[in-house]
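Note that the coordinates shown come from a computational prediction; the quantities given were computed from them, not determined experimentally. Every chain is numbered from 1 and lettered A, B, ... according to where its sequence line falls, protein lines coming before strand lines.
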Protein chains: 2
Amino acid sequence: MKTTLQIEKPFFTVDSVLFTMQENELKVLMVKRAEPPFEGRLGLPGGFIDISIDQDTDMTARRKLMNKTGLNPNYLEQLQVISGAHRDPRGFSVTLAYYALVAHQIVKPHIASVEEARWISVNELSKFAIAFDHQHIIELALQRLQQKTLYSMIPVFCLPQKFSITQLMTVIEAIIGKPIQRKSLMRRIEASEMFDISDEKISSGGRSAHLYTLKQDADIFNFERNLGA
Amino acid sequence: MKTTLQIEKPFFTVDSVLFTMQENELKVLMVKRAEPPFEGRLGLPGGFIDISIDQDTDMTARRKLMNKTGLNPNYLEQLQVISGAHRDPRGFSVTLAYYALVAHQIVKPHIASVEEARWISVNELSKFAIAFDHQHIIELALQRLQQKTLYSMIPVFCLPQKFSITQLMTVIEAIIGKPIQRKSLMRRIEASEMFDISDEKISSGGRSAHLYTLKQDADIFNFERNLGA
DNA sequence: CCAATAGTGTCTGTGAGACAGTATGAG
DNA sequence: CTCATACTGTCTCACAGACACTATTGG
């Protein structure tokens, strides 16, 4: 069946949902589309794979994010493939969606200069007209992030290298949308063995807090029970 | 940048890792490749998306499985995309891998007739020369299945509609590779509220066992703690 | 001193592990 | 009856939730 290769090929793109923590809110990076379809609307940063540059799709995702924000996310993972005949007016399309996390302060200086890109709070997304089914993809990414937050420490990748327990607690609560016990979080920091406690401290109006850092070699530890259930 | 679309496109294929339970062993469906590359070797069932037939990639996976085994799996979920320049000798390729589960007895009558397809025990896979990086993909699928087995009841999709607790226990133990407590499993069957207990029984040399069925409307329940940790 | 934030001590609750004990079928 | 397999009772243990209590900073 040498004919197999003659079948018409779908579009194949890679898009990323990049999250960060800014002003106690969980935000997503959106870019204003410069061309049709959906010209002028907000959409996810992404595009076509370039097999002359990209070694694999992870590289494509990172390269496209670099073009928009000037940096590599601290965490990047495949979300899922979304496909169908009607999600892109140009025809059948296949998109591989990623979700990613960065510390806000590092990204801030870059964005404005590069291109029309902005951080939008996940709570305010519904106020905008979003291109394609990207609204839905963000929904999926958020659900996955929430789930993973219940049994791992990934939210640290939204924070700077040195962070306090309160900062981590705030991100987690922003992600899962409800309060957690500080005590439980401290137990997990201990048990995961992923962090070093630095001697530096940060203060914000009361007793000053210890700062923690991710160990260099640290694997992401998965707990056997969920938080906040 | 209308030039974007002129970028050379990669191959895009869909492959599935179909698991079942047979003779107390976890098995994977492999097909003998009829064409190069890797002609004559065993590989995963899959192929190119046909946008004139398939509404999305799930359909592609189901269609390809139907061609090999004559049936729809009870459970089908995306695993991940694997991509790279060197995994297919014909050039840069992108594969969307699925994993799927079926009850063995239903599939049995179909396979031999359709094509050169066979069930291989996951423990004996290393004895064969497998096409592409499919060995690796199976590894990934198994890891995901193991993880998911710790906090859900998906292994039931390897069983017939009516099944006993012992059968379910056997599948789970085959998947995760270690014994679990019958008592814990019974607690989960209760708590999940996913099953009806039928009045039928099955016997195998001792006291006869109750048979259970999945409720028609049942969602897959996710537990907050892992099993067998 | 007080207010505010950080961190500890410790009790309760839940669900898994372990395993002895009881029930029910076949011969 | 005995044997094999199915199921129950119940204890322990690990870890999350709750929340009062102590510690440390700035004013």
Student: Less than 6.0 Å separating the ring centroids of A:F195 and A:F221?
Tutor: no

Student: Between the side chains of A:S16 and A:R62, is a donor N or O closer than 3.5 angstrom to an acceptor N or O?
Tutor: no

Student: Expressed as a whole number of angstroms, how long is the span from A:F163:CZ to C:dA6:P?
Tutor: 14 Å

Student: Within this structure, what is the CZ-to-P distance between A:F223 and C:dA16, rounded to whole angstrom?
Tutor: 19 Å

Student: Under 6.0 Å between ring centres: does that hold for A:F157 and A:Y75?
Tutor: yes

Student: Using ring-ring contact (aromatic ring centres under 6.0 Å, His included) as the criterion, list what pairs up with B:Y99, not counting sequence neighbours.
Tutor: none

Student: Name every residue in residues 203-210 of chain A that has at least one heavy atom under 4.0 Å from any atom of DNA chain D, in order of residue number, or write none if there are no such residues.
Tutor: A:G206, A:R207, A:S208

Student: Which residues satisfy the side chain to side chain donor-acceptor pair (under 3.5 Å) test with B:Q143, sequence neighbours excluded?
Tutor: none

Student: Answer yes if the ring centres of B:F12 and A:F12 are under 6.0 angstrom apart, and no otherwise.
Tutor: yes

Student: With a 4.0 Å cut-off on heavy atoms, is A:S164 in touch with a base, just the backbone sugar-phosphate, or nothing at all?
Tutor: nothing

Student: Can you tell me the distance, in whole Å, between the CG atom of B:N222 and the P atom of C:dG15?
Tutor: 15 Å

Student: Return the value, rounded to whole Å, for the distance between atom CD1 of A:I197 and atom P of C:dA6.
Tutor: 14 Å

Student: Is A:R187 touching bases, backbone alone, or none of the nucleic acid, heavy atoms closer than 4.0 Å?
Tutor: base

Student: Would you say the side-chain atoms of A:S152 pair up with the backbone N or O of A:T149, donor to acceptor, closer than 3.5 Å?
Tutor: no

Student: At a heavy-atom distance below 4.0 Å, what parts of residues 173-186 of chain B sit against DNA chain D?
Tutor: B:R182, B:K183, B:M186

Student: Kindly compute the distance separating CD1 (A:I82) from CG (A:D133), expressed to the nearest 0.5 Å.
Tutor: 6.5 Å

Student: Contact list please: residues 142-153 of chain B against DNA chain C, heavy atoms, distance less than 4.0 Å, in numerical order.
Tutor: none

Student: Would you kindly give the NZ-to-P distance between B:K201 and C:dA23, to the nearest whole Å?
Tutor: 14 Å

Student: First contact, last contact: which nucleotides of DNA chain D are these for chain A, 5' to 3', heavy-atom distance under 4.0 Å?
Tutor: D:dA14 to D:dT25

Student: Do the side chain of B:R225 and the base of C:dG17 come within less than 3.5 angstrom through a donor-acceptor pair of N or O atoms?
Tutor: no

Student: Mind calculating the distance between CD1 (A:I202) and P (C:dT5) to the nearest angstrom?
Tutor: 13 Å

Student: For A:Q181 and A:L227, what are the C-alpha separation, side-chain angles and deciding distance, and is it a side-chain contact (heavy atoms from CB on, under 4.5 Å)?
Tutor: CA-CA 9 Å; A:Q181 294 284 136; A:L227 256 197; over 6 Å; no

